[in-house]
Colleague: 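For reference, the structure I am asking about is given below.
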Amino acid sequence: MAATCPKCGGKLRLTDWKPNCPHCGVNMVYYGMEERLLLDADQAEAEHARTQVKFDRLKASFIGSKLAIVRIVFSVLPIVGLFLPLAKFGFTAPYAQYNGSVNVISLYNLLSSRMDFDSLIAMFGSKLMGTAFILFAVSVVCILLSAVGVLAHLICLTMACSPKGKQRNYTLNVLNLLFAVASIVTFFLFCGKITALFPNVIQLSSVGFGAYVYIALLVFCFAADILCFVKGIEVKYKPCFIGNIPAEEYFQLVEDGVPLDQIRAVMAERTAAKEAAKKAEEEAKKAAEEAEKETVEAK
């Protein structure tokens, strides 16, 4: 396909190696460069405006009000609750003995150690202890999912003031509570079954106080979210301009399909008005200084 001049559209031959068009004489290298630079400037300002909006929302989510700061504290506290004793377990067997509490650290150590998962999964099919082991596994999985949900909620606080921040936070809070309650219920059932199966072996099997503290902290976290959304957190948006047009107005013009030349005309009009206002302000300031000087000299 033959090359053409960007201005007149004239076809160029292989021998037309000079930068100027042989038909209209325009410099084809620099033709339209000013417009391209203006477009690049508009795109840079538009991207900055979009980023600034996100930053303003993030800032409001964390320090937009006293309630927002309180919400951060209550969002961190459930993590602390996971380090408390979530369960107590003790047994005595001929070649093994254990008596102590279980928290998130001990669960992590248990899962990260060299466990024989194949034998553990095989136990699920046992007619004698299969149900008990399944209940225990469900309890562990639920508390771990709740812990992951708490971390996700803390991360999502950065987007709490976004359009879907309310639905996102509420969903995570509800899921975290449901997983925590399910973990406690299934552990209760496990305790009953395992104690009935081995009454002489199981010495202690119960839910620890840390589990109830964890539930309470999740409720406080949910309550803090509800209070923040009910009271509302004002997002203070920093004014952004694109070619001296407010960003919101510029994006609306683009969305409405306004031609670029008309947008450029609006930019030129706003720029001229801004420069005129600045000039008038400088003249007024200069006049005030001269008047003050004359008053001082008169005295």
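Residues take their numbers from the sequence shown, with the count starting at 1.
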Colleague: How close do Asn169 and Cys156 get, counting heavy atoms only, and between which atoms?
Modeller: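 So the two residues come closest at OD1-O, 4.1 Å.
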Colleague: Could Arg264 and Asp42 be called an ion pair, given the rule that one side-chain N must be under 4.0 Å from one carboxylate O?
Modeller: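 Looking at Arg264 and Asp42, the cut-off is met.
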Colleague: Do Leu217 and Val70 share a hydrophobic cluster (ILVMFWY, side-chain heavy atoms under 4.5 Å, transitive)?
Modeller: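 Same hydrophobic cluster.
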Colleague: Examine distances only and state if a side-chain atom of Ser75 and a backbone atom of Arg71 form a donor-acceptor pair shorter than 3.5 Å.
Modeller: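 Checked: pair present.
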Colleague: Got more than 12 heavy atoms from elsewhere within 6.0 Å of CD, Glu281?
Modeller: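 Open: at most 12 neighbouring heavy atoms sit under 6.0 Å from CD of Glu281.
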Colleague: Take Tyr214 and Ile143 through the test side-chain contact (heavy atoms from CB on, under 4.5 Å) and record every step on the way to the result.
Modeller: CA-CA 10 Å; Tyr214 179 66; Ile143 197 64; 3.9 Å; yes
Colleague: Working to the nearest 0.5 angstrom, can you tell me the gap between Ile134 CD1 and Ser139 OG?
Modeller: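 Spacing of CD1 (Ile134) from OG (Ser139) equals 13.5 Å.
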Colleague: Evaluate the criterion side-chain contact (heavy atoms from CB on, under 4.5 Å) for residue pair Ile242 and Glu249; output intermediate values, then yes/no.
Modeller: CA-CA 9 Å; Ile242 302 172; Glu249 184 179 345; over 6 Å; no
Colleague: Quick check for you: to the nearest 0.5 Å, what is the distance between Arg168 atom CZ and Leu157 atom CG?
Modeller: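 So the gap between those two atoms works out to 10.5 Å.
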Colleague: Does any non-hydrogen side-chain atom of Arg50 lie less than 4.5 Å from one of Phe251?
Modeller: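 Side-chain contact under 4.5 Å: yes.
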Colleague: Report yes or no: is the cationic atom of Arg270 (NZ for Lys, CZ for Arg) closer than 6.0 Å to the six-membered ring centre of Phe241, at no more than 45° off its axis?
Modeller: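 No, cation not above the ring by the 6.0 Å, 45° rule.
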Colleague: For a side-chain contact (heavy atoms from CB on, under 4.5 Å) check, start with the C-alpha distance between Ile79 and Leu154, then their side-chain angles and the critical distance, and finish with the verdict.
Modeller: CA-CA 10 Å; Ile79 299 176; Leu154 185 60; 4.1 Å; yes
Colleague: Give the intermediate values and the outcome of side-chain contact (heavy atoms from CB on, under 4.5 Å) for residues Lys166 and Thr171.
Modeller: CA-CA 9 Å; Lys166 180 179 179 180; Thr171 300; over 6 Å; no
Colleague: Measuring from Lys54:NZ to Ser162:OG, what's the distance to the nearest 0.5 Å?
Modeller: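 Between atom NZ of Lys54 and atom OG of Ser162 there are 10.5 Å.
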Colleague: Check whether any side-chain heavy atom of His48 lies under 4.5 Å from a side-chain heavy atom of Cys240, and answer yes or no.
Modeller: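 In short, these two side chains touch, coming nearer than 4.5 Å.
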Colleague: Can you find a heavy atom in the side chain of Lys279 that is under 4.5 Å from one in the side chain of Glu275?
Modeller: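 When only atoms from C-beta onward are counted, Glu275 and Lys279 do not touch, as no gap falls below 4.5 Å.
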Colleague: Quick check on the hydrophobic clustering: are Leu151 and Tyr170 connected, directly or via other members, by side-chain heavy-atom contacts under 4.5 Å?
Modeller: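 Yes, it is one cluster - the side chains of Leu151 and Tyr170 are joined through contacts under 4.5 Å.
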Colleague: Rounded at 0.5 Å granularity, tell me how far CZ in Phe74 sits from CG in Leu67.
Modeller: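 Rounded to the nearest 0.5 Å, the CZ-CG separation comes out at 10.5 Å.
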Colleague: Might you point out which heavy atoms bring Ile215 and Ala180 nearest each other, and give the distance in Å?
Modeller: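 It is CD1-CB, 3.3 Å.
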Colleague: Hey, is the main chain of Ile105 close enough, under 3.5 Å, to the side chain of Asn103 for a donor-acceptor pair?
Modeller: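 Looks like yes, one N/O pair under 3.5 Å.
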Colleague: A side-chain contact here means heavy atoms from C-beta on lying under 4.5 Å apart; do Asp40 and Gln43 qualify?
Modeller: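 SC-SC contact between Asp40 and Gln43 confirmed.
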Colleague: In Å and rounded to the nearest 0.5 Å, what is the CZ to CD1 distance from Phe179 to Ile184?
Modeller: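 Nearest 0.5 Å value for the CZ-CD1 distance: 14.5 Å.
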Colleague: Relative to the ring of Phe136, is the ring of Phe187 parallel (under 30°), tilted (30 to 60°) or perpendicular (over 60°)?
Modeller: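 The arrangement is tilted - the two ring planes meet at 30° to 60°.
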Colleague: Please check if the side chain of Gln52 supplies one atom and the backbone of Tyr237 the other of a donor-acceptor pair under 3.5 Å.
Modeller: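 Absent.
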Colleague: Is Val104 reachable from Leu177 through a run of hydrophobic residues whose side-chain heavy atoms are each under 4.5 Å from the next?
Modeller: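 Same hydrophobic cluster.
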Colleague: Is the number of heavy atoms from other residues, nucleotides or ligands under 6.0 Å of Phe220 CZ greater than 12?
Modeller: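 Counting neighbours around CZ of Phe220, 12 or fewer heavy atoms of other residues, nucleotides or ligands fall under 6.0 Å, so no.
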Colleague: Is the closest side-chain heavy-atom distance between Cys221 and His153 below 4.5 Å?
Modeller: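 They are in contact (side-chain heavy atoms under 4.5 Å apart), so the answer is yes.
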Colleague: Would you check if there is a donor-acceptor pair between the side chains of Asn176 and Ser146 at a distance under 3.5 Å?
Modeller: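 Short answer, no.
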Colleague: Give the cluster check for Val150 versus Met159: same hydrophobic cluster or not, with ILVMFWY residues linked at side-chain heavy-atom distances below 4.5 Å.
Modeller: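 Shared cluster, no.
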Colleague: Is it the case that the side chains of Thr158 and Ser61 hold a donor-acceptor pair, with the cut-off being a distance below 3.5 Å and no angle test?
Modeller: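 Per modelled atom types, Ser61 and Thr158 side chains form no pair under 3.5 Å.
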Colleague: Do Leu218 and Leu84 belong together in a cluster built from hydrophobic side chains that touch within less than 4.5 Å?
Modeller: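 No; Leu84 is not reachable from Leu218 via cluster members.
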Colleague: Donor-acceptor pair, Thr51 side chain versus Glu47 backbone, under 3.5 Å?
Modeller: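 It does hold such a pair.
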Colleague: Give me the atom names and distance for the closest heavy-atom approach of Ala68 to Ile233.
Modeller: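 Minimum heavy-atom separation between Ala68 and Ile233: CB-CD1, 3.8 Å.
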Colleague: Which distance, rounded to the nearest 0.5 Å, do you find between the OG of Ser183 and the CG of Leu86?
Modeller: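 Rounded to the nearest 0.5 Å, the OG-CG separation comes to 7.5 Å.
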Colleague: Under 4.0 Å between a Lys/Arg side-chain N and an Asp/Glu carboxylate O for Lys236 and Asp56?
Modeller: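 Salt bridge: no.
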Colleague: Decide yes or no for Met267 and Asn244: does some side-chain heavy atom of the first lie under 4.5 Å from some side-chain heavy atom of the second?
Modeller: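 No, every pair of side-chain atoms sits at 4.5 Å or beyond.
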Colleague: Just so I know, are the side chains of Lys285 and Glu289 near enough to count as touching, which here means a heavy-atom distance under 4.5 Å?
Modeller: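 Of all side-chain heavy-atom pairs linking Glu289 with Lys285, at least one is under 4.5 Å.
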Colleague: A quick test of your reading: do over 12 heavy atoms of other residues, nucleotides or ligands sit less than 6.0 Å from CZ of Phe209?
Modeller: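 Enclosed: over 12 neighbouring heavy atoms sit under 6.0 Å from CZ of Phe209.
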Colleague: Heavy-atom distance under 4.5 Å between the side chains of Arg57 and Pro163, does that happen here?
Modeller: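 In short, these two side chains touch, coming nearer than 4.5 Å.
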Colleague: Assess whether a salt bridge exists between Lys286 and Glu283, defined as any Lys/Arg side-chain N lying under 4.0 Å from an Asp/Glu carboxylate O.
Modeller: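 Answer for the salt bridge query: no.
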